[in-house]
There are 2 protein chains.
Amino acid sequence: MPTRILIYEDNEALRRGLEELLLLSEEFIVGGAWENCLHAAGDVREYNPDVILMDIDMPGMTGTAAVKEIRRFNKEVAILMLTVFDDNKHVFDAIRAGASGYLLKKNVSDRLIPFIKEMLDGGAPMSPAIAKMVVSSMQQPATADYNFTVKEKEILGLLCKGNSYKMIATQTNLAFETIRSYIKNIYEKLQVHSATEAVSKTINERLL
Amino acid sequence: MPTRILIYEDNEALRRGLEELLLLSEEFIVGGAWENCLHAAGDVREYNPDVILMDIDMPGMTGTAAVKEIRRFNKEVAILMLTVFDDNKHVFDAIRAGASGYLLKKNVSDRLIPFIKEMLDGGAPMSPAIAKMVVSSMQQPATADYNFTVKEKEILGLLCKGNSYKMIATQTNLAFETIRSYIKNIYEKLQVHSATEAVSKTINERLL
DNA sequence: TTTTTTGTACCCCAATTCGGGGGATCAGCA
DNA sequence: TGCTGATCCCCCGAATTGGGGTACAAAAAA
């Protein structure tokens, strides 16, 4: 059973090239190729493809926006983003929107087919530069050490879940005033002066 | 100039296997291979390798902990994690600690050398299953829509940075009571009853 | 053994936040 | 034209939080 593919790419030469490349192999059927993704969601409902090749930057509607729409009703189809950009924002937006893989256009000729196969195998193929960005974004920038004790961490954790002092006291079987003591120490160490600051700093710097 | 490599792997057979594999090629020199990573930081300082192969699960000290130590003083060396696990926690901990790549042991024989080369090229090679996990972890699980107005989002944003009502009032040129008004509406929409809850929910669900 | 740290708990006072009420425009829409 | 939604402002009272202390026992460190 051949793999059914839709293509959205505004550069005509590249669009044709992609079609040609896929048609060389018996395994693929190109169900359509358009220069914008305005009706992509409709196309997907109608054609129900296995794979979509989606340019990121197209006139009228970005590929990322189209991916968001498609993902609202279809989690299955493998969506490979094609782009010349390797800047953070575009890539992360697309990944968050639900793209399955990410291919830089300069790598298309030799990687397109393997990437499509890897997506169909449930993988998430990325050009090396993209993989590097993704991994880097997850790495902690040498998280400052605030020297919390175990108990302090526990209480800060509860605070960050939105608990009031009272609720924390109940859950830890400690006195209300004890909780206040701990929180005062925590604020001192964190150099903050309110619960919102503490919560925001804790979550954003992944302190727990 | 050959690539200098250190190995930490508690399974003796695999450790030998890795050495053999690398020694087949003139490009690599194995500077040492140990069954635990207790003195890994010292080894790295002393030998200054280009690449480290690091098992995740070893007796005495986990590979992830060793990576953290090494990264404190060396951001350059490429560290490839080796593991049988493909469960979330181990993988993410290692990535966050500063691993450069992630190879499942079942893929070692055919991928070790290409992965090492990709790391040296500044990439972040991952076994397909790992790449999939990493990408999945970044995707938004269809963020609930709380129907905030533009103004409400602005104020919620300021609240999440740790600002007090007063500070928000100053920064927006609005009256203190106006801010209170907005925040009451925001709490209503978010179904929360305190700033900490609101901040925690907003950040964790990436609402802004 | 003395000192320091950690964990626990309490007091007072002032500032801030929260929940309940109002109300006033103004724009767009039915 | 009346209605709804968004934006703006105010009062009251109660609850919660923030900052300054003190106290003491147990554990850890010196």
Side-chain angles (χ1 to χ4, degrees), chain A residues 143-208, chain B residues 38 41 60-61 65 68-69 72 143-208:
Chain A
T143 173
D145 190 9
Y146 293 95
N147 257 82
F148 291 126
T149 67
V150 174
K151 215 69 189 180
E152 284 169 348
K153 279 184 201 164
E154 183 192 352
I155 288 166
L156 184 52
L158 290 167
L159 189 70
C160 287
K161 286 207 192 92
N163 293 286
S164 68
Y165 292 7
K166 252 189 207 171
M167 293 159 80
I168 297 176
T170 312
Q171 281 170 67
T172 54
N173 283 315
L174 293 174
F176 175 80
E177 282 296 334
T178 308
I179 301 302
R180 277 171 40 69
S181 275
Y182 279 119
I183 290 186
K184 277 184 266 192
N185 282 328
I186 292 169
Y187 287 5
E188 178 75 25
K189 289 182 180 177
L190 271 180
Q191 301 259 56
V192 300
H193 305 280
S194 71
T196 51
E197 268 188 285
V199 170
S200 140
K201 198 160 182 175
T202 303
I203 301 181
N204 286 321
E205 298 186 19
R206 284 175 206 81
L207 299 181
L208 295 184
Chain B
L38 292 170
M61 182 188 208
K68 266 187 205 157
E69 271 194 19
R72 271 201 253 280
T143 174
D145 191 9
Y146 293 94
N147 259 85
F148 291 125
T149 68
V150 175
K151 215 68 189 180
E152 284 167 350
K153 279 184 200 164
E154 183 193 352
I155 288 166
L156 184 52
L158 290 167
L159 190 71
C160 287
K161 286 206 192 94
N163 293 287
S164 69
Y165 292 7
K166 255 189 205 171
M167 293 160 80
I168 297 176
T170 313
Q171 282 171 66
T172 54
N173 283 317
L174 292 174
F176 176 82
E177 281 298 332
T178 308
I179 302 302
R180 272 173 42 66
S181 245
Y182 279 117
I183 290 186
K184 278 186 263 192
N185 281 328
I186 292 169
Y187 286 5
E188 179 76 23
K189 288 183 179 177
L190 271 180
Q191 302 260 59
V192 301
H193 306 279
S194 71
T196 51
E197 268 188 285
V199 170
S200 141
K201 199 161 183 175
T202 302
I203 301 181
N204 286 321
E205 298 186 17
R206 285 174 205 79
L207 299 182
L208 295 183

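Not measured: the values here are computed from a predicted model. Protein chains get the first letters and strands the later ones, always in sequence-line order, with residue 1 at the start of each. Any value given below was found using the heavy atoms of this structure, including those in side chains, with hydrogens, waters and symmetry copies removed.
Both B/Lys189 and B/Phe176 lie near DNA chain D, and the one whose nearest nucleotide falls closer to the 5' end is B/Lys189.
At D/dG20, none of the side-chain N or O atoms of A/Lys184 fall inside 4.0 Å of OP1 or OP2 (strictly under the cut-off). Taking only side-chain nitrogens and oxygens, A/Tyr182 never comes nearer than 4.0 Å to OP1 or OP2 of C/dG7. Look at A/Lys151 and you'll find a side-chain N or O under 4.0 angstrom from OP1 or OP2 of C/dT8. Phosphate proximity of D/dC8 to B/Thr178: absent, as no side-chain N or O sits under 4.0 Å from OP1 or OP2. Between A/Thr149 and the phosphate of C/dG7, there is a side-chain N or O to OP1/OP2 separation shorter than 4.0 Å.
None of A/Asn185, A/Ile186, A/Ile155 except one satisfies the side chain to side chain contact (heavy atoms under 4.5 Å, CB included) rule with A/Phe148; the exception is A/Ile186.
If you measure from atom CD of B/Glu152 to atom P of D/dA6, you get 7 Å, rounded to the nearest angstrom. Atom P of nucleotide D/dC8 and atom CG of B/Asn185 are separated by 12 Å, given to the nearest angstrom. D/dT17 atom P lies 14 Å from atom NE2 of B/His193, rounded to whole Å. When the P atom of D/dA6 is taken as reference, atom CG of B/Leu174 falls 16 Å away, rounded to whole Å. The distance between atom OH of A/Tyr165 and atom P of C/dT16, rounded to the nearest whole Å, is 14 Å. Here C/dT17 presents its C1' atom at 15 Å from CD of A/Glu197, a figure rounded to the nearest Å. The distance between atom CD1 of B/Ile179 and atom P of C/dT16, rounded to the nearest whole Å, is 15 Å. For the pair A/Ile168 CD1 and D/dG18 P, the interatomic distance rounds to 10 Å; values are reported in whole Å.
With hydrogens and angles left out, the side chain of B/Glu177 and the base of D/dC8 share no donor-acceptor pair within 3.5 Å.
Between B/Lys184 and B/Glu188 the shortest side-chain heavy-atom distance does not fall below 4.5 Å.
Of the charged side-chain nitrogens involved, at least one lies within less than 4.0 Å of a carboxylate oxygen, so that A/Glu154 and A/Lys151 count as a salt-bridged pair. Remark: A/Lys161 does not engage B/Glu197 in a salt bridge, criterion side-chain N to carboxylate O under 4.0 Å.
Heavy atoms of B/Ser181 sit under 4.0 angstrom from at least one base atom.
Checking D/dC10, D/dG18, D/dT16 against every side-chain atom of A/Ala195, the shortest atom distance belongs to D/dG18.
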### Task
Kindly determine whether A/Tyr165 and A/Glu177 satisfy side chain to side chain donor-acceptor pair (under 3.5 Å), including the steps that lead there.
CA-CA 9 Å; A/Tyr165 292 7; A/Glu177 282 296 334; over 6 Å; no

